[in-house]
Amino acid sequence: MERVLNFAAGPATMPIEVLSNIQKNLCNYNEEGLSVMEMSHRSKTYDRIINDTKNSLKAILNLDDNFEILFLQGGASTQFAMIPLNLADENDLTYYAVTGNFASKAFEEAKKWTNAVDITNSKSDKYKYIPEINNSKIDKKARYLHITANNTIFGTMYDKLPEVDVPLVADVSSNVLGKDYDYTKFALAYAGAQKNLGPAGLTVVIINKKFIREDLSNKVPTMLRYDIHAKNNSMYNTPPTFAIYVAGEMFKWVMKEGGVKALEERNIKKARLLYDILDNSTFYIPFADKKSRSIMNVTFNLPTEELEAKFVEEARNEGMINLKGHRVLGGIRASIYNAMTFDGVKKLAEFMQTFEKNNR
Ligand SMILES: *Cc1c(COP(=O)(O)O)cnc(C)c1O
């Protein structure tokens, strides 16, 4: 079978060059006689792999030594708990911009440890847009403001980061390296790798060292402490060795493609192909408000659920898979992360036009 065009939200498509290179090195990495999978994380070779991976990401994001990169496990969802535990003390004030399903989960988790307040909440508008954050409403005593930079399920994204007088924490799971933010603005940013960075099983945390605290309550479990992971170069215990190696290969690919700015420009062009069809159609119904549209996840509806099912089915027959929307929203979602090519999105756009003509 030929490779399909995979529009999944995550685990998501990866560049064929990266996969082929991993395959070439799978059984015998760099002629060293063993696979990265079989290698001790305490070996010299692995030490080089993890440090190269870390340094590539720092270079891509223009981060200096004030920032630390951590390679953790437990997915972005574990960060929902680690952030309040490490950045706030019990009952401290924290702010959450509740702009979607994952944002809401992060907020609920923060309530267990802190006095978490939803400074904005667009749930009653079905998370169709990202509300403005009014800095004058922010109490400077708050430990941080948490945002979800890209709402994967709803297809909304912060085009510009909010300017606030408290430290900014962001879930960048679905637009890291796809949207060009100034990462020095973040106290902490985190991402599950399975969308834009490689395989599932790895979570990347980018943290300003000022926010790595050692004076935490001794109620905080060891494995949930950033200071422990930072001190041990993410090898306090066995890290997800293979996933880190693959992320490193992805970072090399990002640099070869021209870096985040170049990828963002390409992503904008890709997204425009689809949004132009949605905006010029009386058949397709775009979900997200124009001003909040994501360049990573494009969400829309068709006139009926039956037509949506037919759309998904016919697209699959043409080699375009995973276009069904998330179960909490329904409809159609095309995830077009960095590794999805312009030609891949063009094929989907052409399919959409033909489908409209045949089914209007
Ligand atoms: C996928 C996703 C998550 C959940 O990630 P896990 O690694 O499965 O825990 C959280 N936030 C956002 C924005 C996501 O896209």
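Indexing begins at 1, ligand by ligand and atom by atom, following the structure's order. For the numbers below, each heavy atom of this structure counts, side chains included, while hydrogens, waters and symmetry mates do not.
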Provide the number and element of each atom of ligand 1 under 4.0 Å from a heavy atom of [X].
{"X": "N150", "answer": "13 (C)"}
{"X": "S77", "answer": "4 (C), 6 (P), 9 (O)"}
{"X": "D171", "answer": "10 (C), 11 (N), 12 (C), 13 (C)"}
{"X": "T148", "answer": "13 (C)"}
{"X": "G75", "answer": "7 (O), 9 (O)"}

Can you tell me which residue and heavy atom of the protein come closest to [atom], and the distance to 0.1 Å?
{"atom": "atom 4 (C) of ligand 1", "result": "F102 CE2, 3.6 Å"}
{"atom": "atom 15 (O) of ligand 1", "result": "T152 OG1, 2.4 Å"}
{"atom": "atom 5 (O) of ligand 1", "result": "A76 CB, 3.5 Å"}
{"atom": "atom 1 (C) of ligand 1", "result": "K195 NZ, 1.3 Å"}

Charged N to carboxylate O under 4.0 angstrom, [X] versus [Y]?
{"X": "K128", "Y": "D289", "result": "no"}
{"X": "K324", "Y": "E308", "result": "no"}
{"X": "D64", "Y": "K58", "result": "no"}
{"X": "E313", "Y": "R316", "result": "yes"}
{"X": "D159", "Y": "K291", "result": "no"}

Quiz item: Sequence neighbours excluded, which residues qualify as side chain to side chain donor-acceptor pair (under 3.5 Å) partners of T53?
Solution: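 Result, side chain to side chain donor-acceptor pair (under 3.5 Å) vs T53: none returned.
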
Quiz item: If you measure from each heavy atom of V172 to ligand 1, is any distance below 4.0 Å?
Solution: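 It does not, in that no heavy atom of V172 comes within the 4.0 Å cut-off of ligand 1.
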
Quiz item: What do you reckon, does Q194 put a non-hydrogen atom under 4.0 Å from ligand 1?
Solution: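 A heavy atom of Q194 does come that close to ligand 1.
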
Self-check item: Main-chain N/O of R213 paired with N86 side-chain donor or acceptor, under 3.5 Å
Solution: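 A pair under 3.5 Å: no.
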
Quiz item: Parallel, tilted or perpendicular: which describes the rings of F154 and F287, with under 30° parallel and over 60° perpendicular?
Solution: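 Answer is tilted, since the angle falls between 30° and 60°.
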
